[in-house]
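Okay, so here's the structure we're looking at.
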Number of protein chains: 2
Amino acid sequence: MNTKFFQNIYKHPLITPSDLNVIIKCHQKVHFKKAEFILKIGDQANDYYLIENGILRSFVYDYNGNEITTNFHCPNDISTEYASLFQRQASNENIMAITDGLAWKITYDLFQKLFHQNNGFREWGRSWLSQQLFISTQRAIEMHTKSAKDRYIQLIQNNPQIVQNAPIKHIATYLGITDTSLSRIRKEIL
Amino acid sequence: MNTKFFQNIYKHPLITPSDLNVIIKCHQKVHFKKAEFILKIGDQANDYYLIENGILRSFVYDYNGNEITTNFHCPNDISTEYASLFQRQASNENIMAITDGLAWKITYDLFQKLFHQNNGFREWGRSWLSQQLFISTQRAIEMHTKSAKDRYIQLIQNNPQIVQNAPIKHIATYLGITDTSLSRIRKEIL
DNA sequence: GGTAAGTCTTGCCATATGACAGGAAATACC
DNA sequence: GGTATTTCCTGTCATATGGCAAGACTTACC
């Protein structure tokens, strides 16, 4: 059990070391394999995953049935479908592994218990949600203030592991373009 | 004091009528005027607003200094900058009134108090945040799966009040296009 | 090792949107 | 009421990206 790993994710001034121990105990080790589904559209998310290594990807389908990658989840990220987990609804996203990997999952019930029992965890939870909201808003803004090329360069700089491991077609839809265009952008960058 | 108004916003199975009364008492009436700043970039958000009537708009600046509208806030919406309010940081968005209006605000301290004292309010809060996150994600997806024209038509259908009250340039940046293009789209739709 | 399946690149042409600038129309202001 | 300001529309041309299809290349599999 790698305490540093959890410490890094559950970082909040109100979470004490003994809180952290309680929190850690609520997690369960999970190995995942490339191409494995972690969550399917229509199912209810029952847990969230702290990724220790490997990469996940969440995606939806557009009106033509094409996969649109909405997010990549890398080591030290938390992966889940918020609306499904926290509002107990059917998921509207798929989550699938694009590499083999290792994660720690926590169930909704245990999350719920911690959330109500532990003040620090509660604050952390709210802060994390609002942080995710901020990231999501930023992304929406960059989707139309930056060119596809700039967004790709930014991805290379911030998440080289994604660029190295994910197939071009998934990166392309994440960037909001076709694989054809991304291929041209790559050529241009060289 | 319009109870129905609050009831509609603070709708959650775990919020009892007496909870609701406590919650309502924490709010304070605020009138706002067209072009008034509710929040400025760099300031810390200290409250959130339940809008009873009128429209607010939040916006950022792109790398060229142009205003980009990130959101409109209509009657029965809650308006704030989440990251600033909940993570006690400087805001990275401006919020400005585009019409005169009336809102009810609640301060961070009172929100915080309710959040820790009241189970139903806490659940509502988390549910609301994850709902916002869902909306934000949906918007990011639609920004590249739908054409600007479709997004505009959708806006007309879902939020006619915005189309009627906001100047074209603000609607355009919200849709991710220029006012020139929006003008052409409007012409085409007729 | 050979076939099949999937992945990436490239060429051609179409289209949506942007940049800029001029003008019309509406609105604000003294 | 008249000037200034803002808002909106429109024309021309440039550019980014898409759609489609062919081919090269890689990977998986029996």
Side-chain angles (χ1 to χ4, degrees), chain A residues 33-36 55 57 59 61-69 72 96-100 140-156 160-190, chain B residues 33-36 55 57 59 61-69 72 96-100 140-156 160-190:
Chain A
K33 295 244 165 227
K34 182 173 177 173
E36 182 183 324
I55 304 181
R57 151 184 105 91
F59 64 99
Y61 299 99
D62 71 9
Y63 44 88
N64 288 320
N66 304 310
E67 291 184 3
I68 304 284
T69 297
F72 292 103
M96 187 189 249
I98 61 178
T99 67
D100 292 357
I141 293 170
E142 288 181 353
M143 284 303 283
H144 63 263
T145 58
K146 293 194 172 177
S147 68
K149 185 178 168 184
D150 287 349
R151 294 199 300 276
Y152 181 61
I153 291 173
Q154 188 175 316
L155 188 68
I156 293 174
Q161 15 170 12
I162 292 173
V163 179
Q164 283 152 15
N165 290 293
I168 247 188
K169 62 178 176 187
H170 295 153
I171 298 175
T173 62
Y174 177 71
L175 294 173
I177 57 179
T178 57
D179 53 351
T180 310
S181 292
L182 181 50
S183 178
R184 289 188 183 115
I185 287 171
R186 278 153 59 103
K187 185 183 176 188
E188 200 186 336
I189 283 175
L190 289 184
Chain B
K33 294 242 164 225
K34 182 175 176 173
E36 182 183 324
I55 304 181
R57 149 184 106 93
F59 62 100
Y61 299 101
D62 71 9
Y63 45 87
N64 288 320
N66 305 311
E67 292 183 1
I68 305 285
T69 298
F72 292 103
M96 187 188 248
I98 61 178
T99 67
D100 294 356
I141 293 170
E142 288 182 353
M143 285 302 285
H144 63 264
T145 57
K146 292 195 172 174
S147 68
K149 185 177 169 185
D150 287 348
R151 296 199 299 275
Y152 181 62
I153 290 172
Q154 188 175 315
L155 187 69
I156 293 173
Q161 12 171 15
I162 292 174
V163 179
Q164 282 153 16
N165 289 292
I168 249 189
K169 61 178 176 187
H170 295 154
I171 297 174
T173 62
Y174 176 73
L175 295 173
I177 57 178
T178 57
D179 53 349
T180 308
S181 292
L182 181 52
S183 179
R184 288 188 185 117
I185 286 170
R186 279 152 60 101
K187 185 184 176 185
E188 199 185 337
I189 285 175
L190 287 183

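Naming: A, B, ... by sequence-line order, numbering from 1 per chain.
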>> Within residues 161-169 of chain A, which residues have any heavy atom lying less than 4.0 Å from an atom of DNA chain C?
In response: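 When residues 161-169 of chain A is checked for heavy atoms under 4.0 Å from DNA chain C, the hits, listed by number, are A/Pro167, A/Ile168, A/Lys169.
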>> Just to verify, what does B/Tyr174 make a ring pair (Phe, Tyr, Trp, His ring centres under 6.0 Å) with, not counting sequence neighbours?
In response: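 Residues passing ring pair (Phe, Tyr, Trp, His ring centres under 6.0 Å) with B/Tyr174: B/Phe72.
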> Can you tell me how far the CD1 atom of A/Ile55 sits from the CD1 atom of A/Ile98, to the nearest 0.5 Å?
Replying inline: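 So the CD1 of A/Ile55 and the CD1 of A/Ile98 are separated by 5.0 Å.
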> OG of B/Ser147 to CD1 of B/Ile153: how many Å apart, nearest 0.5 Å?
Replying inline: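 Rounded to the nearest 0.5 Å, the OG-CD1 separation comes out at 7.0 Å.
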> OP1 or OP2 of C/dC8 sitting under 4.0 Å from any side-chain N/O of A/Arg186?
Replying inline: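 So the side-chain polar atoms of A/Arg186 never come under 4.0 Å of the phosphate oxygens OP1 or OP2 of C/dC8.
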Identify the heavy atoms of [X] and [Y] that sit nearest to each other, and give their distance.
X        : Y        : value
A/Ala35  : A/Met96  : O-CE, 3.5 Å
B/Lys33  : B/Ala97  : O-CB, 3.3 Å
B/Ile171 : B/Val163 : CD1-CA, 3.8 Å
B/Lys146 : B/Asp150 : CB-CB, 4.2 Å

> Can you check side-chain contact (heavy atoms from CB on, under 4.5 Å) on A/Ile68 and B/Thr145, steps first, answer last?
Replying inline: CA-CA 8 Å; A/Ile68 304 284; B/Thr145 57; 3.8 Å; yes
> Within the distance-only criterion (no hydrogens, no angle test), does the side chain of B/Asn165 pair as donor or acceptor with the backbone N or O of B/Gln161 below 3.5 angstrom?
Replying inline: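 Yes.
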> Are the side chain of B/Arg57 and the backbone N or O of B/Thr69 linked by a donor-acceptor pair below 3.5 Å?
Replying inline: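 A pair under 3.5 Å: no.
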> Taking any atom under 4.0 angstrom from a heavy atom of chain B, which nucleotides of DNA chain D are the first and last to qualify, 5' to 3'?
Replying inline: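 Boundary nucleotides touching chain B, in 5' to 3' order, are D/dT7 to D/dT12.
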Output side-chain donor-acceptor pairs under 3.5 Å for residues 180-190 of chain A, partner residues at least two apart or in another chain, one line each.
residue  : atom : partner  : partner atom : Å
A/Ser181 : OG   : A/Thr178 : OG1          : 3.3
A/Arg186 : NH1  : A/Tyr152 : OH           : 3.4
A/Glu188 : OE2  : A/Lys149 : NZ           : 3.2

>> Counting primed atoms plus P, OP1 and OP2 as sugar-phosphate and everything else as base, spell out the protein contacts along nucleotides 17-25 of chain C at 4.0 Å heavy-atom distance: B, S or - for each nucleotide, 5' to 3'.
In response: SBBB-----
> Looking at five pairs on each end of the helix from C/dG1-D/dC30 to C/dC30-D/dG1, what is the angle between the two axes, given to 10 degrees?
Replying inline: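 Computed angle between terminal axes is 50°.
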